[in-house]
Amino acid sequence: MYIVLVLVTVKAELLEEFERSLLHNARESVARDPGCVRFDVSQHQDDPTRWVLYEVYDSPDAPAAHRRSPHFLAYDAVASRALVDKTVIRASGKYMA
């Protein structure tokens, strides 16, 4: 398994638009993207502008295909205006329950 962990901070005034776009992207990714096994979205309890995305793919090539999908491109258009900060961590899964 190939894991992509994304930590983002969003402008407060774009939070609702960002959330709609992000949740649509996550749902469509699992439903339509070959190789997307899981896409979890979490929001920080104490700071709603901070998000954690946990994506699981079956190969290192699958995330690149995901980033070319229409739902990701729509999300990315919103994220390009909304994000204040972004950290991406890529890892190989060693054990998945």
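Nothing here was measured: the structure is a model prediction, and the numbers come from that model. Only this structure's heavy atoms are used, side chains among them; waters, hydrogens and symmetry mates stay out.
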*Determine, stepwise, if the pair Tyr57 / Val37 fulfils side chain to side chain contact (heavy atoms under 4.5 Å, CB included).*
CA-CA 5 Å; Tyr57 298 92; Val37 176; 5.8 Å; no
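- Proximity of Pro48 to Leu15: side-chain heavy atoms (C-beta onward) are separated by under 4.5 Å at one or more points.
- When side chains are defined from C-beta on, Trp51 counts as touching Glu19, because their heavy atoms get closer than 4.5 Å.
- Atom CZ of residue Arg67 and atom CG of residue Asp33 lie 11.0 Å apart, to the nearest 0.5 angstrom.
- There is a path of hydrophobic side-chain contacts, each under 4.5 Å, that joins Leu23 to Tyr75.
- Between atom OG of residue Ser92 and atom OH of residue Tyr2 there is a gap of 7.0 Å, rounded to the nearest 0.5 Å.
- Residues passing the side-chain hydrogen bond (donor to acceptor under 3.5 Å, both in side chains) test with Arg90, sequence neighbours excluded: none.
- Checked against Val4 for a side-chain contact (heavy atoms from CB on, under 4.5 Å), the options Ile89, Val56, Leu53, Val88 give a single hit: Val88.
- The closest side-chain heavy-atom distance from His24 to Arg20 is not below 4.5 Å.
- Contact check for Arg38 versus Met1: no side-chain heavy atoms found under the 4.5 Å cut-off.
- Under a hydrophobic clustering in which Ile, Leu, Val, Met, Phe, Trp and Tyr are joined whenever their side-chain heavy atoms come within less than 4.5 Å, directly or via other members, Leu5 and Val30 fall into different clusters.
- Looking at His71 and Ser29, their side chains come closer than 4.5 Å, going by heavy atoms from C-beta outward.
- For Asp61, the salt bridge (Lys or Arg N to Asp or Glu O under 4.0 Å) criterion is met by no residue, not counting sequence neighbours.
- Using a 4.5 Å heavy-atom threshold, the side chains of His66 and Phe39 count as touching.
- Considering Val6, Leu22, Asn25, Val52 as possible partners of Val41, the one that fulfils the side-chain contact (heavy atoms from CB on, under 4.5 Å) test is Leu22.
- Note that the OG atom of Ser21 and the CZ atom of Arg81 stand 9.0 Å from one another [nearest 0.5 Å].
- The structure places CD of Gln45 at 11.5 Å from CZ of Arg50, a figure rounded to the nearest 0.5 Å.
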